[in-house]
Amino acid sequence: MSERYDIAIIGTGPAGLEAAINAKIRNKNIVIFGNKDLSPKLAKAAKVNNYLGLYNLTGTELKNKFADHIEDMGVEIVNEKINNVYAMGDYFSLMVNEKVYEAKAIILATGIEYTKPLIGEEEFLGKGVGYCATCDAPLYKGKTVVIVGYNKESVEEANYVSELSGKTYYIPMYKGEYNLNENVEIINNKPLKIVGDDVVTKMILDQGEIATDGIFMLRDSVSPSQLVPGIEIENGHIKVDRDMKTNIDGCYAAGDCTGTPYQYMKSAGEGLVAALSAVSYVDKLHENK
Ligand SMILES: Cc1cc2nc3c(=O)[nH]c(=O)nc-3n(C[C@H](O)[C@H](O)[C@H](O)COP(=O)(O)OP(=O)(O)OC[C@H]3O[C@@H](n4cnc5c(N)ncnc54)[C@H](O)[C@@H]3O)c2cc1C
């Protein structure tokens, strides 16, 4: 059986990192999922003037400070995207493609997506629309698949899908080099709408349309309700109390995903509170055994 961690943290922005260092200080066995670049939103800021003690830094400089801090404290990031989290009673199962991690408590620090779902995306979720191409690729053996990629990691997923599918289209939603297999066709049009009957039949673009069996929307994060079935959402954000606890025992949230203001310091502060709450929760679990 795989190791069961005390606390799993999902997200490597300021909220997740602050949670990680505090849980580590409290001697908890932690795992943190995200990416080695920490957070795309950290690197993007031209100048940050409202982070106490770190004045007049660029986003990249601030990111580097965070990276040095966690490295010195021995916090290692697992470079994986969590697709689903299931509450199993006194622990959680975290699904990463075909792998499963287990933790007694979790902290959601996934940030927020500024991009709205496409028309038809939610309606056809699970009926041809998915968020994890590598998980569902075998369903589309010999069929047509459209991948809408919001980041460079999605290229890898497109390449994997193209080895099984009959035809793979890739719609990049960012500028850059796309290191795609030769049999993947790049479409430089804007996706507007997903349509179908019982299942997906096509994607409508600003210029033309593509008949397809499956569509994968590969963004940096998935919506919290998709990530953690049963989690309570209020006004588009995860509902938390002052201890950063959600409606699910052992599940905490911090940062932009809990609501405005969307700021680094607020995110870090919430990450700290969430970590301390998760630590008490795990300690109580042990006492009750
Ligand atoms: C251009 C720009 C400038 C900004 N300037 C400022 C500023 O000057 N001052 C300020 O205070 N704030 C600023 N902000 C806002 C600030 O960036 C956010 O408030 C802050 O980054 C939120 O931190 P977070 O930890 O909640 O989430 P994020 O920083 O968004 O980090 C979330 C992380 O979780 C990862 N993740 C999500 N889902 C999963 C999953 N399922 N599995 C694994 N990993 C996952 C994401 O990839 C990401 O790395 C700015 C934002 C932008 C875009």
Side-chain angles (χ1 to χ4, degrees), residues 8-22 31-63 65-67 70 75 77-86 92-97 99-101 103 106-115 130-132 134-135 149-154 157 174 217-229 231 236-238 240 244 251-275:
I9 299 157
I10 309 176
T12 43
L17 298 178
E18 182 73 19
I21 60 166
N22 281 285
V31 60
I32 175 164
F33 300 96
N35 61 73
K36 301 261 188 250
D37 289 335
L38 307 186
S39 153
K41 284 195 196 127
L42 263 173
K44 273 184 196 154
K47 211 46 131 184
V48 184
N49 285 329
N50 64 343
Y51 201 99
L52 184 65
L54 295 171
Y55 176 56
N56 202 25
L57 299 188
T58 64
T60 303
E61 286 166 341
L62 186 62
K63 185 196 94 174
K65 293 259 181 210
F66 289 174
I70 59 162
V75 171
I77 293 167
V78 178
N79 205 355
E80 308 242 46
K81 194 166 123 196
I82 301 292
N83 296 310
N84 289 107
V85 177
Y86 296 107
F92 295 86
S93 284
L94 295 91
M95 324 297 284
V96 183
N97 298 339
K99 265 180 275 162
V100 181
Y101 290 83
I106 55 162
I107 297 173
L108 306 171
T110 50
I112 193 124
E113 281 287 343
Y114 294 140
T115 44
Y131 295 129
C132 175
T134 44
C135 314
Y150 287 79
N151 52 34
K152 49 184 192 303
E153 287 79 30
S154 57
E157 297 206 47
Y174 60 100
M217 306 295 300
L218 304 183
R219 302 191 179 90
D220 284 323
S221 58
V222 289
S223 76
S225 47
Q226 167 77 17
L227 184 64
V228 189
I231 199 152
H237 297 104
I238 302 172
V240 285
M244 309 318 292
C251 175
Y252 302 85
D256 284 1
C257 63
T258 70
T260 54
Y262 299 148
Q263 301 279 268
Y264 299 122
M265 208 45 148
K266 177 257 191 194
S267 298
E270 289 189 352
L272 159 75
V273 177

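Counting starts at 1 for both ligands and their atoms, following the listed order.
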Exercise. Which atom names give the shortest non-hydrogen contact between Ile231 and Cys251, and what distance separates them?
Worked result: CD1-SG, 4.0 Å
Exercise. Would one find an N or O of Gln263, backbone or side chain, under 3.5 Å from an N or O of ligand 1?
Worked result: yes
For this session: For Thr12 and ligand 1, answer yes if some heavy atom of the residue is under 4.0 Å from a ligand atom, otherwise no.
Result: yes
Exercise. Looking only at heavy atoms of Lys47, does any of them come nearer than 4.0 Å to an atom of ligand 1?
Worked result: yes
Problem set entry | Glu80 contact mode with ligand 1 (heavy-atom cut-off under 4.0 Å) | backbone
Problem set entry | Closest approach of Ala20 to Ile32 (non-hydrogen atoms, all atoms of both residues) | CB-CD1, 4.0 Å
Exercise. Is the closest heavy atom of Asn49 to ligand 1 under 4.0 Å?
Worked result: no
Seminar exercise, completed: The answer for which part of Ala15 has a heavy atom under 4.0 Å from ligand 1 is both
Exercise. With a 4.0 Å heavy-atom cut-off (strictly under), which part of Thr110 contacts ligand 1: side chain, backbone, both or neither?
Worked result: both
Exercise. Got an N/O contact under 3.5 Å between Met265 and ligand 1?
Worked result: no
Problem set entry | Region of Asn35 engaging ligand 1 - heavy atom pairs below 4.0 Å | side chain
Exercise. Applying a 4.0 Å heavy-atom criterion (strictly less than), which segment of Pro40 is in contact with ligand 1: side chain, backbone, both, or neither?
Worked result: side chain
For this session: Return yes or no for this condition: an N or O of Lys44 is under 3.5 Å from an N or O of ligand 1.
Result: no
Exercise. So which bit of Asn50 gets within less than 4.0 Å of ligand 1, heavy atoms only: side chain, backbone, both or neither?
Worked result: side chain
For this session: Look at Lys99 together with Glu80 and state whether they make a salt bridge at an N to O cut-off of under 4.0 Å.
Result: yes
Exercise. Can you check whether Pro14 has an N/O within less than 3.5 Å of an N/O in ligand 1?
Worked result: yes
